[in-house]
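Inspection log for the structure reproduced underneath, given as structure tokens.
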Amino acid sequence: MTHLIMAVNAGSSSLKFELFAMPEEITLAKGLFERLGSGSARFTLRADGGTHQADVALNDHQQAAEYLLDTLLQRGIVDSLAHIDGVGHRVAHGGEYFKDSAPIDAAALEEIDALGALAPIHNPVNAKGIRAFQRRLPHAVCVGVFDTSFHQTISEAGYLYPLPYRYYHDYGIRRYGFHGTSHKYIAETCAGLLGRRDLRIISCHLGNGASICAINGGRSVATSMGFTPLAGLMMGTRCGDIDPSIVPFIALRENKSAQQLLEIMNNASGLLGVSGISNDCRDIVSAAESGNHRAALALAMFTDRIRSAIGAYATEMDGVDVVIFTAGIGENAAGIRRQICRNLAFLGIRVDENKNKRHATFIQQDGAPVIVAVIPTNEELMIARDVMRVGLAQPKEVQHVG
Ligand code: ADP
């Protein structure tokens, strides 16, 4: 039986959506609202092979949800809202409470609100998105899909920071990891393509935000983001891991507050901060090709950190079977993939430059021991699959023996 499932990703001023027919995994409509809250939101809808755009006076996520559902009805994309059986919501932080995607009832929603202490920019807005769709689609199952839950399999030694233990106990300060929905999708897709589950995978999600994950037999065993998505790799505007003493040093020198330093590390660092040009990797690549030193330096720093993580994760898993590149940079930047994989033959990683330039799915040299793959991520589809798995799966029949 076909179910209509909506995947929702609510940001502070945006709301992205994709409507699927499941389990066929067919996209019926997708799009987004931008500039929500500014009085004039931009609405983009892709359906039936066409794109519709409009500026609409919407103030918040509730109004956006109403507008979207009315538009789907008016355009005949759905005949009745009663046909939408499930809505899956991307939620940034699931803490230690949500170890998997979960149906969202009143208690779960309270928990998401409470986890706003750890993700003050994202969780409250994710909760707004949930309430907005629950009001208009009270019959539909509602499922939360958390960026953190895939990484809940990381060991205690892997997730604790070497700070006084009470900070973990009192405030939940530990590594949580993010991009879990993407890393999980990548691992499942790779297992499907290769027909094997017992794989040691290093998944490189390289977009504006970037993280890397070691996945052993389908379980996350290490990941580069930490207590927040600021940690780990260098990113478009985020610094990733730095010596923590730099933070109070700059604060004292320049009389800056904790908030101002967070702003610098989140929004003015990374590729943008080092190059002084842009946070967009395409701009950095073209500037580096025209001989700009700081652009080339930014790229060298970006790729060096990824190489270090690949080495660390191969150690963690006692070897590696597959390295996967995904997200905007991972899927499209052949030169960056080449730079990352250079001189890694000692690990068995050998890229065929012709296949790499063509963005083939498998780009390793013939006979190389490690598979190197380029796999487009699809977090929305993973969300829809999880709605089916945890929200709509038939309960297993009880077996009566004897
Ligand atoms: P987000 O984290 O915002 O979802 P994306 O996964 O869309 O990000 O990735 C955006 C990044 O991908 C940008 O830095 C963009 O420059 C980069 N990118 C896209 N295409 C290319 C390309 N051909 N070469 C280099 N970088 C690219």
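In listed order, ligands and their atoms are each counted from 1.
- By the neighbour-count criterion of 12 heavy atoms within 6.0 Å, atom CG of Asn255 is sparsely surrounded, having that number or fewer from other residues, nucleotides or ligands.
- For the side-chain hydrogen bond (donor to acceptor under 3.5 Å, both in side chains) test, no residue two or more places apart in sequence or in another chain qualifies with Ser14.
- Within a 6.0 Å sphere centred on NE2 of His139, other residues, nucleotides and ligands contribute more than 12 heavy atoms.
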Can you give each donor-acceptor pair under 3.5 Å made by side-chain atoms of residues 74-83, sequence neighbours left out, with the distance rounded to 0.1 Å?
{"unit_1": "Arg75", "atom_1": "NH2", "unit_2": "His52", "atom_2": "ND1", "d": "3.0"}
{"unit_1": "Ser80", "atom_1": "OG", "unit_2": "Ala82", "atom_2": "N", "d": "3.0"}

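- Contact shell of ligand 1 (protein heavy atoms, cutoff 4.0 Å): Gly207, Asn208, Gly209, Asn279, Asp280, Cys281, Arg282, Ala327, Gly328, Ile329, Asn332, Ala333.
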Please output the side-chain donor-acceptor pairs of residues 141-150 that fall under 3.5 Å, not counting sequence neighbours, one pair per line with the distance.
{"unit_1": "Asp147", "atom_1": "OD1", "unit_2": "Arg90", "atom_2": "NE", "d": "3.0"}
{"unit_1": "Asp147", "atom_1": "OD2", "unit_2": "Arg90", "atom_2": "NE", "d": "3.3"}
{"unit_1": "Asp147", "atom_1": "OD2", "unit_2": "Arg90", "atom_2": "NH2", "d": "2.6"}
{"unit_1": "Thr148", "atom_1": "OG1", "unit_2": "Gly94", "atom_2": "N", "d": "2.9"}
{"unit_1": "Ser149", "atom_1": "OG", "unit_2": "Phe146", "atom_2": "O", "d": "3.3"}

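- For His93 and Phe178, the distance between ring centers is under 6.0 angstrom.
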